[in-house]
Amino acid sequence: MAYDETGDLRFFISLVDAGSLSAGARSLGTSPAAASRRLARLESRLGSTLVIRNTRHFGLSETGRLYYERALTIVAEIDQLEEEISSSTNAPRGTLSIGAPVELGRRQIAPFIEAFSARHPRLMINLALAPEGNYDFNDYLDVVLRLGLPETPGAVVTRLASTMRVLCASPAYIARRSMPLHPRDIAKHDCLCLRKNKTMALLNKWVIGNETETDVVMVEPRLSTTNAEIIHDWALSGQGIAYKLLCDVYQDLEDGKLVRILPNLQGEKIDLYAVLPTRQHTRASVRAFLNDLRPYIRTAGFL
């Protein structure tokens, strides 16, 4: 029976990345018993133990670590060769899985994906949303969009664009409570604050300023939540002043549904990054997605 050497390399990479036989089997859509038999056949063919395993431990032997590291390189080179040949004659195809923060993903990335998908009908696209884009690549994503510099070992990180936080409120709120004229006036108003997930820590220090002077305003919120979209909805309904990312509210500012407060000043600058596992950064579908995304987001509240 002919061996599928490349298939064995991909199988072993998936197994190690998953961290256990059972998790690896799930990622491959097979049973733990079948994954164990395939691993045993691979070790038998190579004449060496690759994985040291018992009921509590799953680790690589020295040979296994060497095999894994070389497998990563070989598979990446094979994928790059196939993508280069394919992309020279064909449009991107296959599956592309993208992770993004909830509000950015819903308001910006989802509409972009609709248009991108229409241009690449042979590509099946998955979009996963999480608070602040907090994913790791055990979630089997090809690219993660993240606001703020990520700390992802072994990943390729690319800065796509920058946005900033701005103070905003609805016209109805401004009519009822007046327009703040100075950063110190903000603390006297009804404010809408985010809280961190899990810890519920209040994010109530709002930085606002210009190139020469910056104020840090400590606010006591009337309403707070862990969800950025709820802050957005509260601002639209006139509940108070929000400290929002420009990329999330730019359309409502243009449409007059929100009013920018202290428009000559700006809040914290935030960078948008694309985070890719090293094995994905040369894929034609990933390249096409990022190449099309860059000009799109620069018209959508990014600098």
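Basis for what follows: all heavy atoms, side chains included, without hydrogens, waters or symmetry-related copies.
- Defined by atom type and a distance below 3.5 Å, a donor-acceptor pair is present between the side-chain atoms of Gln239 and Arg222.
- Met179 and Val166 fall into different hydrophobic clusters, where Ile, Leu, Val, Met, Phe, Trp and Tyr side chains are chained together by heavy-atom contacts under 4.5 Å.
- There is no side-chain donor-acceptor pair under 3.5 Å between Asp215 and His182.
- Hydrophobic cluster membership is shared by Tyr296 and Leu147, with clusters built from Ile, Leu, Val, Met, Phe, Trp and Tyr side chains linked at under 4.5 angstrom.
- Looking at Leu72 and Glu69, their side chains never come closer than 4.5 Å, going by heavy atoms from C-beta outward.
- Here Trp206 contributes atom CH2 and Glu268 contributes atom CD; the two are 11.5 Å apart, rounded to the nearest 0.5 Å.
- Contact check for Leu246 versus Leu253: side-chain heavy atoms found under the 4.5 Å cut-off.
- Under the 30°/60° scheme for interplanar angles, the aromatic rings of Phe116 and His120 are found to be tilted.
- Between the side chains of Thr226 and Arg195, no donor-acceptor pair is found at a separation under 3.5 Å.
- Salt-bridge formation is detected for the pair Lys244/Glu103: a Lys NZ or Arg NE/NH1/NH2 atom is positioned less than 4.0 Å from an Asp or Glu carboxylate oxygen.
- Residues His232 and Arg107 have side chains that bring a donor and an acceptor to within less than 3.5 angstrom of each other.
- More than 12 heavy atoms of other shown residues, nucleotides or ligands fall within 6.0 angstrom of atom CD in Glu254.
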Quick one: do Asp8 and Arg41 satisfy salt bridge (Lys or Arg N to Asp or Glu O under 4.0 Å)? Show the steps, please. CA-CA 10 Å; Asp8 280 346; Arg41 288 196 301 269; over 6 Å; no
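- Ala40 is linked by a side chain to side chain contact (heavy atoms under 4.5 Å, CB included) to nothing, counting only residues two or more places apart in sequence or in another chain.
- A ring-centre distance under 6.0 Å is found for Phe289 and Phe112.
- Within a 6.0 Å radius of CZ in Arg159, other residues, nucleotides and ligands contribute more than 12 heavy atoms.
- Residues Val102 and Ile270 fall within the same hydrophobic cluster, defined by Ile, Leu, Val, Met, Phe, Trp and Tyr side chains chained together at heavy-atom separations under 4.5 Å.
- Taking the six-membered ring where the residue is Trp, Tyr68 and Phe12 present perpendicular rings, their angle passing 60° and hence far from 30°.
- The shortest distance between side-chain heavy atoms of Gln266 and Arg260 falls below 4.5 Å.
- Using a 4.5 Å cut-off on side-chain heavy atoms (C-beta onward), Asn126 and Ile98 make no contact.
- Checked by atom type and distance alone, the side chain of Ser61 pairs as donor or acceptor with a backbone atom of Leu50 at under 3.5 Å.
- The closest side-chain heavy-atom distance from Leu272 to Leu104 is below 4.5 Å.
- Side-chain contact check for Asn210 and Thr212: at least one donor-acceptor pair (N or O, by modelled atom type) lies under 3.5 Å.
- In this structure, Leu223 and Ile230 have side chains that are not in contact, with every pair of non-hydrogen atoms separated by 4.5 Å or more.
- Between the side chain of Arg298 and the backbone N or O of Leu160, at least one donor-acceptor pair lies under 3.5 Å.
- Without hydrogens or angle criteria, Thr49 side chain to Val51 main chain gives no donor-acceptor distance under 3.5 Å.
- When side chains are defined from C-beta on, Leu203 does not count as touching Cys193, because their heavy atoms never get closer than 4.5 Å.
- Side-chain contact between Tyr243 and Val219 is absent, with no heavy-atom pair separated by less than 4.5 Å.
- One finds the OG1 atom of Thr163 at 7.5 Å from the CG atom of Asp248 (value rounded to the nearest 0.5 Å).
- Proximity of a side-chain donor or acceptor of Arg165 to a complementary backbone N or O of Val207 within less than 3.5 Å is not detected.
- Using modelled atom types, no side-chain atom of Ser224 and backbone atom of Pro221 make a donor-acceptor pair closer than 3.5 Å.
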